[in-house]
Every structure is written in structure tokens, then in C-alpha cells.
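Worksheet for the structure shown next.
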Amino acid sequence: MTKIYAYSIRPDEEPALKEWQAQHPEVTVAYTDTALTATSADLAAGADAVVGLQTTEYTRAAIEKLATNGTRYLSIRNVGTDNIHRDVLREFGFKLSNVPVYSPNAIAEHAVIQLSRLVRRTKVMDNKVASRDLRWSPTIGREVRTITVGVIGTGNTGKVAIQILQGFGAKVIAYNRSHDPELAAQGIYVDSLDELYAQADAITLHIPGGPSTYHMLDADTFAKMKDGVVIVNCARGSVIDTTALVAALDSGKVGAAALDVYENENDVFYQDWRDKEFPDTVLNDLIDRENVLITPHAAFYTTKAVSEMVQQSMDNALTFINGGQPESEIEC
Ligand code: COI
């Protein structure tokens with residue numbers, strides 16, 4: 001009988017998984033809440049396909065174990081593949097798919113919400129109110145429609161972010177190597193990142209992680225930006241050099257930042273630190289700043305997105321098993 005084994009299943013994913021199972025009684029579905037590692041790989045023994053979702057590395061040892069146990073398909077429930085070694089998958093004869101469009105609105109909305117919170121200085125006002133300081137001044141905000149927002153990356157998420165920003169009335173400029181025809185017709189593309197850096201009052205990132213975007217925002221690029229620029233990163237932590245960002249926040253070059261992702265997030269995110277010593281002093285400092293908003297890689301985390309991620313990844317796994325090619329197969 002066909003078998004699919006799913007890793008890192010959270011309680012909020014179980015209803016969607018059970019619904020999928022009910023629609024596919026011919027498939028045996030089993031799952032665990034643990035991530036796929038060399039140790040947990042044996043749990044999937046006998047599965048034709050494995051479904052995963054994790055921000056940590058899919059290690060060679062884990063993939064090798066899966067292959068030894070006869071699995072040949074890896075279907076991930078998210079978009080990013082920066083933690084996957086495609087050459088290793090190729091070596092072990094795996095096929096890979098992702099869920100490229102589970103809900104671009106989930107991440108785009110979060111990015112724009114955080115951006116607008118920063119320009120309206122809501123964290124400062126909230127903290128004042130919590131301390132019973134109910135005065136307006138000096139916490140004056142700006143309106144999103146009065147600023148120029150630079151969107152880097154105009155794939156599915158970047159495009160939705162642009163629509164939402166335009167709803168606010170912002171002037172939007174964008175950079176992407178290839179141009180989306182609809183956006184190009186609006187004339188929003190600039191020719192270079194340097195142009196975007198020079199013009200944008202706020203910048204939101206919607207690009208993948210990986211070697212080509214590693215530390216794309218560093219001391220040199222911050223220097224090219226407007227003084228007081230607002231930075232929003234709901235993409236990948238590796239895109240921003242955190243040390244350079246902290247220095248730019250200290251100098252005022254960066255006026256405010258919202259980070260849903262963070263370079264060392266796997267050491268700190270996804271855990272409850274309330275009764276433990278917080279181990280990351282840099283992140284601790286960022287969390288405390290009134291002009292910084294931190295969320296733990298949660299931009300994607302909506303009911304709609306979670307359900308789509310489960311349904312589509314399970315569909316992809318089954319398509320592979322049945323000898324088909326999911327639309328979102330990724331070349332290994
Ligand atoms: C992605 O879809 O790539 C995300 O960043 C979501 C996360 C849960 C891995």
C-alpha cells in the first residue's frame with residue numbers, strides 16, 4: 001500500500017492532514033512532530049514519499065537513510081529550499097517538490113502590517129499606553145501614502161505586497177532581475193538595486209535565501225540608502241548582515257526594522273524562553289528596541305496558509321508516487 005510519512009507536524013496541521021487522509025483512504029499516512037534528521041529518518045521506513053517542513057538543514061545523513069529505506073520523493077510544505085542540498089537529493093535519486101504559492105497574502109500582509117506599524121511608531125505608542133502615558137507627543141507617525149516603498153523581489157509574495165501597499169497609496173518602486181509584465185506596465189521597476197536604495201524610504205525583501213542573496217544588505221548597501229530608512233525582512237535571515245544592521249540602527253542610518261527572520265534563528269526561534277536564560281544577546285537587544293519589531297518566522301502562519309501547505313504537499317507526494325510530475329517539482 002502507498003505510504004506517505006510527514007515530519008514536523010504541528011497540532012494546527014493535524015486537521016488538514018486528517019482531512020487529506022479521509023479523501024485518500026488508499027494511502028497510509030503516518031507522521032511525527034519531530035524534524036527530519038539522521039536519527040528520525042528511520043521513522044519513515046517503508047514510506048514512498050516523505051513530507052517535510054523545517055528551517056534547519058535536510059542533512060546528507062538523513063537523506064541517505066531515507067534512500068536506504070526505499071524512499072525516493074521529498075515533498076516540502078513550504079516555499080524556500082535554501083536548507084536543501086539538491087546535489088545530495090540527486091545523488092540518491094530523489095525527486096523534490098515544494099509549495100510555491102500556499103498563500104502569498106500571508107507573508108505579504110505581515111510585511112506590510114509591520115512596515116506600517118513602524119512608520120506609525122505603534123510599538124512606542126503601545127509601550128506609552130501600557131505605562132499609562134496617554135499623551136500624543138512626541139510619537140508622531142508618517143502615513144504610508146507619503147513614503148516611497150522599495151520592494152525587492154516581485155515573485156508571488158512581492159506582487160501581493162505591492163498591491164497592498166498601493167492600497168495604502170504608497171509610491172511603490174521595485175527591483176527584480178526579470179520583470180513581471182503587469183508590474184512593468186505600471187512602470188514601477190527601477191533598473192538597479194542602487195537606484196532603489198537611493199529612492200526608498202522603506203524597503204521590504206521578498207527574495208529567496210542562498211549564496212546569491214547572502215548578506216545582500218550589509219554595511220556597504222546600508223550606506224547607499226536614505227537616512228532613517230525602514231527595513232522589513234520576511235524573506236530569509238541570511239539576506240541581512242545582522243552586525244551591519246545593528247550598527248545602522250545605532251547610527252540612525254536605519255530608522256526602524258521589522259525582522260520575521262534572523263540569521264541565527266534556528267538556535268532561538270520556535271522555543272519558549274520564558275523560564276530560561278535567553279541565549280542570544282544580539283536578538284535580545286533587538287527585541288527590546290522600540291524601533292524594532294521581531295516575529296519568529298511567523299509571517300506565513302495563517303489558517304489558510306497552513307491548510308494549503310498540508311494539502312498541496314500531500315497532493316504533490318501522491319502525484320510523484322503515482323508516476324506523475326507535480327507542477328512544483330524542483331529540478332535536483
Ligand atoms: C517558506 O515557506 O519558505 C517559509 O519561510 C515558511 C517557513 C515555515 C519555512
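Side-chain atoms are counted along with the backbone in the values below, which use heavy atoms only and exclude waters and symmetry mates. Each ligand, and each atom within it, is numbered from 1 in the order the structure gives. Here the structure is a predicted model, which is why all the values come from computation and not from measurement.
Of the protein's heavy atoms, H297 NE2, 3.5 Å lies nearest to atom 7 (C) of ligand 1. Protein heavy atom closest to atom 8 (C) of ligand 1, with residue, atom name and distance, is F300 CE2, 3.5 Å.
Listed by number with element, the atoms of ligand 1 under 4.0 Å from a non-hydrogen atom of G80 are 1 (C), 3 (O). Under a 4.0 Å criterion applied to the non-hydrogen atoms of Y102, ligand 1 contributes the atoms 1 (C), 2 (O), 4 (C), 6 (C).
Backbone and side-chain nitrogen or oxygen atoms of N78 are examined, and one is located within less than 3.5 angstrom of a nitrogen or oxygen of ligand 1. Inclusion of V79 in the set of residues having an N or O under 3.5 Å from an N or O of ligand 1 is warranted.
Nearest heavy atom pair, residue I152 against residue I207, reads O-CG2, 3.7 Å.
Counted by atom type alone, Y214 and D241 present zero donor-acceptor pairs between their side chains at under 3.5 Å. The closest side-chain donor-acceptor pair between T55 and N266 falls under 3.5 angstrom.
Ring orientation note: the planes of Y189 and H179 are close to parallel, at an angle under 30° on the 30°/60° scale. Taking the six-membered ring where the residue is Trp, H24 and W20 present parallel rings, their angle staying beneath 30° rather than reaching 60°.
Only the side chain of R236 comes within 4.0 Å of ligand 1, judged by heavy-atom distances.
The pair R60-E91 meets the salt-bridge criterion, since a charged nitrogen lies less than 4.0 angstrom from a carboxylate oxygen.
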